[in-house]
Structures are given as C-alpha cells and as structure tokens.
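So you know, we letter chains A, B, ... as the sequences are listed, proteins then strands, and number each from 1.
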Amino acid sequence: MAPVVEALLHALSGVPGADRAAIERLLDTAGGTGWDLAIPVHRFAAAAKKAPNDFATELAASLPDTPGVARRFAVGAYVNFEADPAWLAERTLAMVTALGDRYGCAAPTGRTVCVEHTSANPNAPFHIGRVRNALLGDTLARIERAAGHTVTTQYYVDDIGRQSAMVTWIWSKPREAWPPEIAATLEGGAETEERADHWLGRPYPAVAAYVKSHPEAAAELGELGDRLERGEDLPAHRRFCEAILGGMLESLRRVHVTFDEFVWESSLIHDGSVDAVIGRLRSAPHFVREENGALAIDTKSYGLPKEDERAVFLRGNGTSLYPTRDVAYHLQKFGRFERVVDVLGQDHLLHARTLEALLAEIGESRRPEFLLYQYITLPGGGRMSTRKGTVVWLDTLLDEAIDRARAEVVRRHPELPAGEAEQIAVAVASGAIRYHIVRVAADKAVAFQWEDALSFEGRSGPFVQYAYARATSLLRKAEAEGVATSAAPKGTELSTPGERDLLRVLARFPSVVAAAARTAHVHSIAGYGHDLAEAFNRFYQSTPVLKSDSERASRLALVAASRQVLANTLEMLGLERLDRM
RNA sequence: GGGCGCGUCGCACAGCAUGGACCAGUGCCCCGGAUUCCUAAUCCGGUUGACGUGGGUUCAAAUCCCACCGCGCCCGCCA
C-alpha cells in the first residue's frame, strides 16, 4: 500500500487537496471487484476542474511503475491497482513465517494499559448476563497486548456495602435463626457437593427480598455494612467473599478468563486513600453540604442528566459511597498505568460521567477510557437479575454446551479415548460460548437464545477451530509421509482463486488487529476469524495439497501459514486450538 | 420530562469512526447438490431486502445533519 500512496502522491502533485492523508483515506481495498486497491478520484478531478472519468484515465496512465503492482487502470471515476499475485503471495508467506506468533502484532510500544473488567460482586455464581463484561474485557486485553502495549487486567472486588454484606449477614447467623423463607432456599442442595459460590449464593435472592419487607433486618444489614466499612467484622466477611469469588473465578477459568490482579474495595478505605479523596472533595470548587451532614458536589456545570444535579460522596452518617471509592481506585490506577480502560455496562454511563466530574473537581486531569456494552437479556426480554433469581448460570450453559459437544465428538470419532473426547468437547463448548458473545458489537443488546449460543456451525467458534484442526491434521499427515514444506514457496504456484483469496485474507490480519485496538471493536476480530476460516475451508475443499505434484511444497507452506494465522486469531479470541476435532 | 444507546432479508448479525464502485455482506432457517480423494463441525448452487419514517447536505448517503417513531437502559445518602 505504501508504494501506491507514494506513486499517487507523485502523480497528483499540484492537485489541490491531494495530500498524503486524503490519499490514504480514500485508498481502500476494493470490495468484491477483485482488484486489490482502488481510489475514487471525484474529489481530485473537481479540484483539477476535469471530468472524473477522464481524470481517472489520465491518472492511471501517468502513474509510475510500483513494485508489487501488476496492473493499474481506470474504471469510471476509479483507479484500480491489481497486485502482482505472486509478489503478494511470497511477501505474505515470508512475513507470516518470519513473525510466527507475532504476526499481526505491533512492535512493543512500552505503554502500560490497565484493563479493568468483570468486577462482579462476590455474592452469587457467575451468570451469563455478566459474562459479556468478562469476555469483552479479556478479549480487549488480548488485543491491546497484540497492539504492543503492556497490559494488566484488574478485577475490582466489591467487599463493601449492603449487597456484599447480605451473604455474610445470613451465613453468620445460626441456621436455626434463619427466617423460614430464606432457609427454604437451601432445601435440595448439599453443602458438600456444590461449589462454594453456588452453595453460599443460594439464599442471596431470598435475603434481598426479605430485607425489603423487614425493616429490622434491613437495619441490621445496614449496620453490618457500616461496620465493614469501618474495618470491623472484616475477616469473617472476607472469608465469605473469597469463597464465593473463588467459585466465580472457576467459572471464568472454564472460558479462559483470568486476571493479573485483584483490588479489594475495602483496601482503599483502610489504606486511607478514600479519606484522602474525601478531603480533596471537601475543598473542591463545587462542594456543598446537605442538611443532614451529607457531603456532595454540585454537578450543574457538568451537565449530568441527574434531576437533583448533585453527587453525594459522603453519607450523613459519615460513610463513603461507591463513586467516592471509585475515585480513589482510579487515582491508584493513574499512578501506575498510562492508560486506564474500564469495561462497563451501559447502565453505568451516568456513574462514569459522575466519576469524571469528581475527578475534575479534585483537579485530576486524567480520565479512564470506557468500553460500554449493552446487556444480555432473557429470551423473552428483560434483565437477568441475581436478586430476582432470573438468571442462567454460566456453569449451566457450559455444562449443556459440553454435553452437546461430547455427543458430536463421539458420533464423529467413536474410536477416540474418552479422555480425549472430553477434552475436545470442553474446548469446543467454551469456544462456542466465547465466540457467540464476542462476535456482536458491544453496543448491541443481545437476547440470550440457547440454540444460538450452542451453535457449532457457521459463524461460530468451532468453525474457526475446525479450520485450524484441518490445517494441523494436513500438516501432520505431510510430516508422517515425509513430504517437505517449501521454505521459499513460489507465488506462481499459488494462483488458483481459492489460494489468492486465502492469501489476501492472511495479508489483512495486521491491519485488522490494529483497527480493532484503535476502535476497541472486539467483535471485528471474531469477524476476521470467520473470514479466515471460510477462506481456508474453500481452499481446502477445492485444492488438493498432498495429492498435488509440482505445487505441493508451496501449498503446504500456504497451509502452514494459514495454520499460524488461525492460531494467532484463536489466541486473540481466547479459543483453544485443537489438533483434531 | 431529561440523557445515552440501538433500529439493516423470516430470525440473528456485519458494514456507519474516515460518505465513494453497496442495485448492501455473513450466519441460521428453507430447497437442491458434493464424501472410492488431505476431517462433511465443511463446501457448491438456489430463494429472501422500502438499510425505522420524513426532510437536509453532497457529484455521491446504510454511513453525515435535523425532526419524528419504536425498543432498551439510566436519572438513589444502591452498586
């Protein structure tokens, strides 16, 4: 592309507006036309006061020869550049081979990025309404790493506040003292058989309902919340939180989501950083004191869509609120990272704006970047809510996916040992779920559908995994038969339409990754994975490799490169690579 | 009421940032085909569209602007 830009720049010198930026913006890979690069010239023709079609014809004729460009010609008001296919093939394969795992990745930038995601309260098992945050965040972190940054992922654990206190509140009471409607939730379960998050989280919805209609219980709970914030009762509470969090993380590990660091909300209170924030907010420009002693910031000048136009940061009873602690958390992050990214449900938008306002009030100029996403709703519509009990657990979905995948594996490969079949089933299941969630743009609401989530065909994770398995098994066979792969594949031997299409998709990968990082469009990597797998499958179906003669070594090199790029794509999406499936 | 987001074949999505060959691409569904040949979780062919509505800007609008309609979310001394 760069040489073509230079050629155009040279040929268009003297035309007003024909600068490098304009050319780069207009020059694009031509869609279904079959040409590799194309540029519309209307704009330049107008500037030169000529008819667009004539201008294009003249421009095409006046362009200097460019390495890698086989042909250049005008069609209507467009100038097309057809790449020399052999040149493109050899260059692409050489690049993939040389870079290997790093193909598609940018050179290290040295910039540090913190991606905070998931951060679900440790009070119940992980449900699929929450999994979008985890998958978006985890995949974004992988993309940012590929973009050359040094990435740290953080999980902010909320162990302060009433929601978090509910579990401790109920479990700290002797079982005989539990209200019957809460105790009933334990029936049919077995402590020794269920994972901690499932077992300890069982009464949570009932507790939430109970305290709504029982003021004395609500008061007790509020008191516990305050004690926790003051640092009392913390060890017991921490044990419950850790037990449940441990279970939730187990669910997340099943879909290959892990974290570099955990930041406990209580630690920000106990190390004094929340107090420091409160002190700074007290002397902020728009500080106001409410009647009962609560402290707030007047947010009129920030244009928040809040009716009362103020953000309370300290309750009348002297305890802090979530936004206040979040300011402390962000100051901590700003101190360690150059960029700070928060993955948030779009219902937290107002909170994000409030956070920005509070940061401005204390004179902090840095801001986090927000990746906002819409929720996954129930099949009939409506939010999943742990408190309302309207959820599908991630574990339930995974178990179902594994069952279906296992059935498929056994049907296809009855000879496989059970252990290997199971391993494949697990990989296919998690791949299907990850891909299904991440393939849709974050700002699109998604209604959960079992059949869609569990699809192993078409635009799915297993589709991409399958292409990789095919490539792997082909190369395995080549090795077993002692067939050599060319170290210097000849572009002229890779000239079928299927090969050229595949080569083009391979060549596209680095710019797809760069664009995904720039826009935080995580779903575009999923889209690329499908395109690549599709191109490979078409090639595979239409072109013999091991059974070919003179082209065999070159074709094997193409297969090896495809396998490499499929591997890099799968890694970026967090899907397992399977040698067979 | 105010704010944010979304609205594209029957269903589910991509394309919108930077308008350009888009009489719009993909998957599912439906119909028909491909396995003596490297894995048929695949491939090939067929059917399916007022890009929510109306206006505007432009040589050019799914893409930008305005208004309206529909849906979702938010507007707590919850998180």
Exercise. In terms of side-chain geometry, is the basic nitrogen of A:Glu479 or A:Arg476 positioned less than 4.0 Å from the acidic oxygen of its partner?
Worked result: no
Exercise. A:Arg538 side chain: which of B:C43, B:G20, B:C38 is closest?
Worked result: B:C43
Problem set entry | Whole-angstrom distance between B:C71 and B:A60, as gauged at atom C1' | 32 Å
For this session: Using the C1' atoms only, state how far B:A17 lies from B:C64, rounded to an integer number of Å.
Result: 11 Å
Exercise. Between B:G10 and B:G1, how far is it from one C1' atom to the other, in whole Å?
Worked result: 38 Å
For this session: May I ask you to check whether A:His42 and A:Tyr78 place their ring centers less than 6.0 Å from one another?
Result: yes
For this session: Please determine, for the side chain of A:Glu534, which listed nucleotide (B:C4, B:U39, B:G27) has the closest atom?
Result: B:G27
Exercise. Which class fits the ring pair A:Tyr155 and A:Phe262: parallel under 30°, tilted 30 to 60°, perpendicular over 60°?
Worked result: tilted
For this session: Compare the minimum distances between each of B:C38, B:G20, B:C28 and the side chain of A:His42, then state the nucleotide with the smallest one.
Result: B:G20
Seminar exercise, completed: Pairing string of RNA chain B (Watson-Crick or G-U wobble, both atom distances under 3.5 Å; | = paired to other strand) is (((((((..((((......[....)))).(((((.......))))).....(((((..]....))))))))))))....
Exercise. Given atom CG of A:Leu349 and atom P of B:G72, what is their separation to the nearest angstrom?
Worked result: 18 Å
Problem set entry | Length of the CG-P vector between A:Asp549 and B:C37, whole Å | 18 Å
Exercise. If you measure from the Lys or Arg side-chain nitrogens to the Asp or Glu carboxylate oxygens, is any gap between A:Glu408 and A:Arg404 under 4.0 Å?
Worked result: no
Seminar exercise, completed: For nucleotides 73-79 of chain B, 5' to 3', base contacts (B), sugar-phosphate-only contacts (S) and non-contacts (-) with protein non-hydrogen atoms under 4.0 Å give BSB-BBB
Exercise. Base, backbone or nothing for each nucleotide of nucleotides 7-19 of chain B, written B, S, -, heavy atoms under 4.0 angstrom, 5' to 3'?
Worked result: SB---SBSS-BB-
Exercise. Using the benzene-type ring in the case of Trp, are the ring centres of A:His348 and A:Phe370 under 6.0 Å apart?
Worked result: no
